[in-house]
**Student:** 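Here it is, the structure in full.
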Amino acid sequence: MRQFSHQLVQRISHFLDMDVSDLGMEVVDPPNPKLGDLSLGCFPIAKAMKSSPVEISQKLAQQDWQLEWIEKVVATGPYLNFTVKRELFSQYAIQEIKDQGTSWGDTQTGHGKRVIVEYSSPNIAKHLAVHHLRSTMLGQAMANLFRSAGYEVVSWNHLGDWGTGFGKLLAAWDKFSDIDNFDSPKLADREDPVSDLNALYVRYSNEAKDNPELDDSARDWFKKLEDGDSLARERWETIRSVSMELFEKVYSRLGVRFDKVIGESHYEDGMKDVIDLLVSNHLLEESEGAEVVSVAEDIPPMLIRKKDGATLYGTRDLASAIARHEMVEFDRCLYVVDAGQSLHFRQVFGVLKKLGFEWADHLEHAEFGVMRLNVDGHWKKGKTRGGQVVLLHEVLDGAVELAANIVLSKNPDIPEEDLKEISEAVGMGAVIFSDMKAARRKDVNFDLDKILSFDGETGPYLQYTHVRFASILRKAADQGLSENDGKGLVEDEELQLIKRLLRYPGIIDKAAKQAEPSQLSQYLLDLASEFNTYYSKHRVISDNAELSGHRLALIQALKTTLGSGLSKLCIKPLDRM
RNA sequence: GUCCCCGUAGCUCAGCUGGAUAGAGCAUCGGAUUCCUAAUCCGAAGGUCGCAGGUUCGAAUCCUGCCGGGGACGCCA
């Protein structure tokens with residue numbers, strides 16, 4: 001749409017003898033197709049010229065526009081409504097999309113800019129659970145969107161791999177070797193090492209209630225770890241690597257990957273420097289035995305050091321932000337973390353600003369709403385009735401199993417291998433899309449029944465629509481039909497689709513700018529829905545080979561666009577299902 | 001109590017950097033399949049855009065207050 005809109009703005013600049021290209025004029029659809037095909041409100045110009053938008057639109061409508069793809073220009077109140085010559089408009093649009101090829105949708109908006117997206121960030125020695133899904137998928141989609149918008153992206157997994165909890169785990173490993181010895185069979189060789197670790201941890205915590213000595217032992221082990229004791233270190237590394245191996249299994253199913261995986265432990269050395277810096281800037285204050293930094297009047301001070309002198313995760317976040325900026329000089333750095341931590345991030349960003357780091361303004365908390373689970377008919381945060389977390393891979397397996405049933409029922413003759421691949425993709429598609437459909441700030445109720453309904457505004461709906469494209473193209477190829485230049489796309493629904501297609505790059509830009517994947521989700525739903533309407537009214541493949549060719553070009557453009565959009569959302573576009 | 005987020009159809013949401021008659025999906029009811037996959041499509045019904053002020057030529061959209069829901073608020077991460 002940019003090319004067309006650019007031409008219109010250029011003509012207006014010429015007519016009015018003033019540059020209107022920076023006024024933020026936006027080409028939109030008129031509310032009623034009878035008014036025209038494209039519309040431009042003259043309000044921004046009116047403001048700039050201190051004149052009436054109605055007068056301006058009337059004046060402009062009378063000009064000789066001299067654009068070959070414009071049929072007529074009419075002023076309706078303050079709006080300038082354009083009717084396009086469909087043959088040329090369609091032809092240009094199809095050509096544009098075809099020329100761009102696989103990079104269709106990409107823009108240069110972020111050219112020369114670098115952005116870090118931190119997401120997922122699970123704790124090691126634990127499983128990925130459903131509540132990790134939001135950060136993981138939103139973050140990956142954002143990373144994809146930024147890349148598409150021309151940014152250099154560093155996707156970042158900030159592992160929780162440090163803290164006194166690991167002291168307990170190491171102490172448990174040591175103390176309970178008679179019950180479960182992690183050296184035999186070796187942790188790394190086990191089926192589910194993380195569950196074994198959890199079991200031991202729970203046992204240790206329970207016994208520690210009656211036996212305070214265990215707490216001392218945990219402290220000792222954490223001290224050993226901090227001091228670099230070789231045994232502690234080796235075991236901790238093992239825990240880390242078995243955890244990562246498990247994470248990777250889930251990540252690869254979801255299409256998630258990171259440029260950097262760096263644990264909190266990495267920033268330990270920087271902690272002392274941060275505190276020194278706070279001291280030398282006279283920011284650190286004593287309060288109730290602890291040490292704090294006041295940030296702003298309307299938010300409580302940030303706690304830096306506990307009574308006993310130990311630091312907290314906030315301090316670690318200060319250190320990691322500083323270290324991160326030294327590693328990668330970013331223009332934006334997003335933390336894809338739930339909204340419950342918004343105060344924490346305001347404090348972290350505020351303290352960094354107080355320390356004089358100008359780049360603190362480039363830090364953003366890309367917050368998202370909580371995920372609730374259904375517990376006995378009530379929506380609750382985090383855990384199920386038994387206090388258990390719901391494991392992510394179990395949810396994914398459940399989704400895939402259900403998808404397999406449905407695929408099989410719709411398509412009983414499907415080969416075994418295809419069934420496996422397709423149900424995996426459809427199951428993932430359903431789960432992922434349900435998480436990415438609404439604006440990220442909204443809380444979501446994780447309702448597996450709804451996610452797996454596959455009707456209406458769902459991932460499988462989009463995948464099914466893509467299958468229709470593939471199916472049409474397949475059939476056309478069988479009949480030896482070839483694509484045409486799109487000149488014959490003159491139906492109302494075709495124009496509608498062409499206009500929708502042209503908005504794709506702008507949507508990518510907007511989604512990246514706002515760090516809002518749902519912008520893309522909503523766009524794809526519109527696109528698919530408009531196509532399905534078209535599909536029910538018009539036949540692509542017909543006796544008219546020329547017209548079929550034009551329509552095939554449209555189908556190809558639709559397939560390119562929907563496929564591209566789905567991929568950015570980590571949903572697999574399918575050719576069959 | 002203070003701060004943050006949210007409040008649009010029965011439910012889930014879009015529209016929110018102000019602009020033409022507020023749109024989808026689900027659920028309900030009715031309809032469409034000799035034809036490219038009906039996981040689809042068409043129609044009906046469903047709205048004090050939480051409430052009250054304000055700004056504006058114009059407010060679902062911006063501002064203030066209130067109400068309702070969620071979250072956070074110092075020694076966990």
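Because the structure is predicted, anything quoted here is derived from the model rather than measured. Note on naming: letters A, B, ... go to the chains in the order of the sequence lines (proteins, then strands), and numbering restarts at 1 for each one.
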**Student:** Under the side-chain contact (heavy atoms from CB on, under 4.5 Å) test, which residues partner A:Val73, sequence neighbours left out?
**Tutor:**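 Once residues adjacent in sequence are excluded, the partners of A:Val73 under the side-chain contact (heavy atoms from CB on, under 4.5 Å) criterion are A:Ala61, A:Trp65, A:Ile70, A:Leu80, A:Phe82.
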**Student:** Please say which of A:Met302, A:Met271, A:Gln347 ends up in a side chain to side chain contact (heavy atoms under 4.5 Å, CB included) with A:Leu318.
**Tutor:**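 Going through the options one by one, the only one that passes is A:Met302.
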**Student:** For A:Ile541, report the nucleic acid contact type (base, sugar-phosphate, nothing); a contact means any heavy atom under 4.0 Å.
**Tutor:**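 Contact class for A:Ile541: base.
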**Student:** For B:C62 and B:A20, measure between their P atoms and round to the nearest Å.
**Tutor:**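 Comparing P positions in B:C62 and B:A20 gives a spacing of 15 Å.
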**Student:** So for atom CD, which belongs to A:Gln479, do other residues, nucleotides or ligands contribute more than 12 heavy atoms lying within a distance under 6.0 Å?
**Tutor:**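 Yes - once you tally the heavy atoms of other residues, nucleotides and ligands closer than 6.0 Å, there are more than 12.
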**Student:** Suppose we screen for side-chain hydrogen bond (donor to acceptor under 3.5 Å, both in side chains). Which residues come up paired with A:Lys209, at least two apart in sequence or across chains?
**Tutor:**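 Result, side-chain hydrogen bond (donor to acceptor under 3.5 Å, both in side chains) vs A:Lys209: A:Asn206.
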**Student:** Within the structure shown, what part of the strands sits under 4.0 Å from A:Gly340 by heavy-atom distance: base, sugar-phosphate, or nothing?
**Tutor:**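 A:Gly340: backbone/sugar contact only, no base atoms under 4.0 Å.
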**Student:** Side-chain donor or acceptor of A:Asn81 under 3.5 Å from a matching atom on the base of B:A20?
**Tutor:**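 A donor-acceptor contact between them is present.
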**Student:** Under 4.0 Å between a side-chain N/O of A:Gln347 and OP1 or OP2 of B:C73, yes or no?
**Tutor:**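 For B:C73, OP1/OP2 do not have a side-chain N/O of A:Gln347 under 4.0 Å.
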**Student:** Which of these nucleotides, B:A14, B:C76, B:A38, is closest to any side-chain atom of A:Lys306?
**Tutor:**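 Per side-chain heavy atoms of A:Lys306, the pick is B:C76.
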**Student:** From CG of A:Asp455 over to P of B:A27, roughly how many Å is that when rounded to an integer?
**Tutor:**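 To the nearest whole Å, that distance equals 7 Å.
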**Student:** Holding to side-chain hydrogen bond (donor to acceptor under 3.5 Å, both in side chains), I want the full list of residues that pass it with A:Lys513, two or more places apart in sequence or in another chain.
**Tutor:**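 Applying side-chain hydrogen bond (donor to acceptor under 3.5 Å, both in side chains) to A:Lys513 gives none.
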**Student:** Determine, using ring centers only, whether A:Tyr461 and A:His466 are less than 6.0 Å apart.
**Tutor:**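 Ring centroids of A:His466 and A:Tyr461 are no less than 6.0 Å from each other.
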**Student:** For a quick check of understanding: with a heavy-atom distance under 4.0 Å over all strands, which category does A:Gln519 fall into, base, sugar-phosphate or nothing?
**Tutor:**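 The residue A:Gln519 makes sugar-phosphate contact but no base contact.
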**Student:** Rounding to the closest angstrom, what is the interatomic distance between B:G74 and B:G7 at atom C1'?
**Tutor:**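 Approximately 32 Å lies between the C1' atom of B:G74 and that of B:G7.
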**Student:** Could you tell me whether the phosphate oxygens of B:A38, OP1 or OP2, come under 4.0 Å of any side-chain nitrogen or oxygen in A:Arg468?
**Tutor:**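 Yes, such a contact exists.
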**Student:** Once you round it to whole Å, what is the distance between P of B:G25 and CD of A:Glu530?
**Tutor:**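 That distance rounds to 12 Å.
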**Student:** Should A:Val337 and A:His365 count as side-chain neighbours, where that means a heavy-atom distance under 4.5 Å?
**Tutor:**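 Yes. Closest side-chain heavy atoms under 4.5 Å.
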**Student:** Determine the contact category for A:Arg346: base if any of its heavy atoms lies under 4.0 Å from a base atom, sugar-phosphate if only primed atoms, P, OP1 or OP2 are that close, otherwise nothing.
**Tutor:**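 The answer is sugar-phosphate, as A:Arg346 gets under 4.0 Å only of primed atoms, P, OP1 or OP2.
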**Student:** Just how far, in rounded Å, is C1' of B:A20 from CG of A:Leu80?
**Tutor:**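 Taking CG of A:Leu80 and C1' of B:A20, I get 14 Å after rounding.
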**Student:** So which one's nearest nucleotide on RNA chain B is more toward 5', A:His538 or A:Ser518?
**Tutor:**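 So the residue in question is A:Ser518.
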**Student:** May I ask you to say what A:Leu35 touches in the nucleic acid, namely base, sugar-phosphate or nothing, with a heavy-atom cut-off under 4.0 Å?
**Tutor:**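 Touches a base.
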**Student:** For B:C26, does OP1 or OP2 lie under 4.0 Å from any side-chain N or O of A:Ser453?
**Tutor:**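 No, A:Ser453 has no side-chain N/O under 4.0 Å of OP1/OP2 on B:C26.
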**Student:** With a 4.0 Å cut-off on heavy atoms, is A:Ser287 in touch with a base, just the backbone sugar-phosphate, or nothing at all?
**Tutor:**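 Base contact - A:Ser287 has a heavy atom under 4.0 Å of at least one base atom.
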**Student:** What contact category does A:Lys307 fall into here, base, sugar-phosphate, or nothing, at under 4.0 angstrom with non-hydrogen atoms?
**Tutor:**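 Result for A:Lys307 = base.
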**Student:** Within less than 4.0 Å of OP1 or OP2 of B:U33, is there a side-chain N or O belonging to A:Tyr535?
**Tutor:**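 For B:U33, neither OP1 nor OP2 has a side-chain N or O of A:Tyr535 closer than 4.0 Å.
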**Student:** Among B:G74, B:C16, B:A20, which nucleotide has an atom closest to any side-chain atom of A:Thr76?
**Tutor:**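 It is B:A20.
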**Student:** When all nucleic acid strands are considered with a 4.0 Å heavy-atom cut-off, which category describes A:Val407: base, sugar-phosphate, or nothing?
**Tutor:**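 The answer is base, as A:Val407 lies within the cut-off (heavy atoms under 4.0 Å) of a base atom.
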**Student:** Only Watson-Crick and G-U wobble pairs with both distances less than 3.5 Å should count. Give RNA chain B in dot-bracket notation, marking inter-strand partners with |.
**Tutor:** ((((((((.[[[[.)...(...]]]].(((((.......))))).....[[[[[..)....]]]]])))))))....
**Student:** Would you tell me if any nitrogen or oxygen in the side chain of A:Lys442 comes within less than 4.0 Å of OP1 or OP2 on B:A14?
**Tutor:**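 So the side chain of A:Lys442 is within the cut-off, an N or O lying under 4.0 Å from OP1 or OP2 of B:A14.
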**Student:** Using atom C1' of each nucleotide, how far apart are B:A38 and B:C42 to the nearest Å?
**Tutor:**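 Here B:A38 and B:C42 have their C1' atoms 13 Å from each other.
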**Student:** Over all strands shown, is A:Asn32 touching base, sugar-phosphate only, or nothing at heavy-atom distances under 4.0 angstrom?
**Tutor:**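 The answer is base, as A:Asn32 lies within the cut-off (heavy atoms under 4.0 Å) of a base atom.
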**Student:** Under 4.5 Å between any side-chain heavy atoms of A:Val348 and A:Leu352, yes or no?
**Tutor:**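 A side-chain contact under 4.5 Å exists here.
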**Student:** If the condition is side-chain contact (heavy atoms from CB on, under 4.5 Å), which residues does A:Ser5 pass it with, not counting sequence neighbours?
**Tutor:**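 Partners of A:Ser5 under the side-chain contact (heavy atoms from CB on, under 4.5 Å) test: A:Val27.
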**Student:** Provide, to the nearest angstrom, the distance between the CD atom belonging to A:Glu264 and the C1' atom belonging to B:C76.
**Tutor:**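 Value for this atom pair: 12 Å.
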**Student:** Given the C1' atoms of B:C63 and B:A44, what is the spacing between them in whole Å?
**Tutor:**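 Between the two C1' atoms, the distance is 41 Å.
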**Student:** Backbone N or O of A:Arg539 within a donor-acceptor pair of the A:Arg551 side chain at under 3.5 Å?
**Tutor:**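 Confirmed, A:Arg551 side chain pairs with A:Arg539 backbone.
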**Student:** Find the distance A:Tyr335:OH to B:A77:P and express it as a whole number of Å.
**Tutor:**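 After rounding, the gap between these two atoms is 17 Å.
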**Student:** Using a 6.0 Å cut-off, check whether atom NZ of A:Lys499 has over 12 heavy atoms from anything other than its own residue.
**Tutor:**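 Count over threshold, so yes.
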**Student:** Give A:Met577 one of three labels, base, sugar-phosphate or nothing, depending on what nucleic acid heavy atoms sit under 4.0 Å from its own.
**Tutor:**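 Answer is base: heavy atoms of A:Met577 come under 4.0 Å of a base.
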**Student:** Using atom P in both nucleotides, what's the gap between B:U8 and B:G70 to the nearest angstrom?
**Tutor:**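 Result for the P pair: 15 Å, nearest Å.
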**Student:** Tell me which residues in residues 290-301 of chain A lie within less than 4.0 Å of RNA chain B, going by non-hydrogen atoms.
**Tutor:**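 When residues 290-301 of chain A is checked for heavy atoms under 4.0 Å from RNA chain B, the hits, listed by number, are A:Ala290, A:Val292, A:Asp298, A:Pro300.
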**Student:** Heavy atoms only, 4.0 Å cut-off, all strands: where does A:Ala310 land among base, sugar-phosphate and nothing?
**Tutor:**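 Nothing: the residue A:Ala310, judged by heavy atoms under 4.0 Å, touches no strand.
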**Student:** Which residue, A:Thr164 or A:Phe43, contacts RNA chain B at a nucleotide closer to its 5' end, judged by nearest heavy atom?
**Tutor:**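 Checking each residue's closest nucleotide, the 5'-ward one belongs to A:Phe43.
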**Student:** Just compare B:G74, B:C35, B:C6 and give me whichever is closest to any side-chain atom of A:Arg539.
**Tutor:**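 That would be B:C35.
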**Student:** With a 6.0 Å cut-off (strictly less than), is the heavy-atom count around CD of A:Glu401, excluding the residue itself, greater than 12?
**Tutor:**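 Atom CD in A:Glu401 is not packed in, count stays at 12 or less.
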**Student:** Expressed as a whole number of Å, how far does the C1' atom of B:G50 sit from that of B:U61?
**Tutor:**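 Roughly 15 Å separates the two C1' atoms.
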**Student:** Please report the distance separating the C1' of B:A22 from the corresponding atom of B:G68, rounded so that it comes out in whole Å.
**Tutor:**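 Looking at atom C1' only, B:A22 and B:G68 are 23 Å apart.
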**Student:** Using a heavy-atom cut-off of 4.0 Å across all strands, would you classify A:Tyr461 as base, sugar-phosphate, or nothing?
**Tutor:**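 The answer is sugar-phosphate, as A:Tyr461 gets under 4.0 Å only of primed atoms, P, OP1 or OP2.
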**Student:** Taking the same atom, P, in B:C66 and in B:U2, what whole-Å distance lies between them?
**Tutor:**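 Roughly 9 Å separates the two P atoms.
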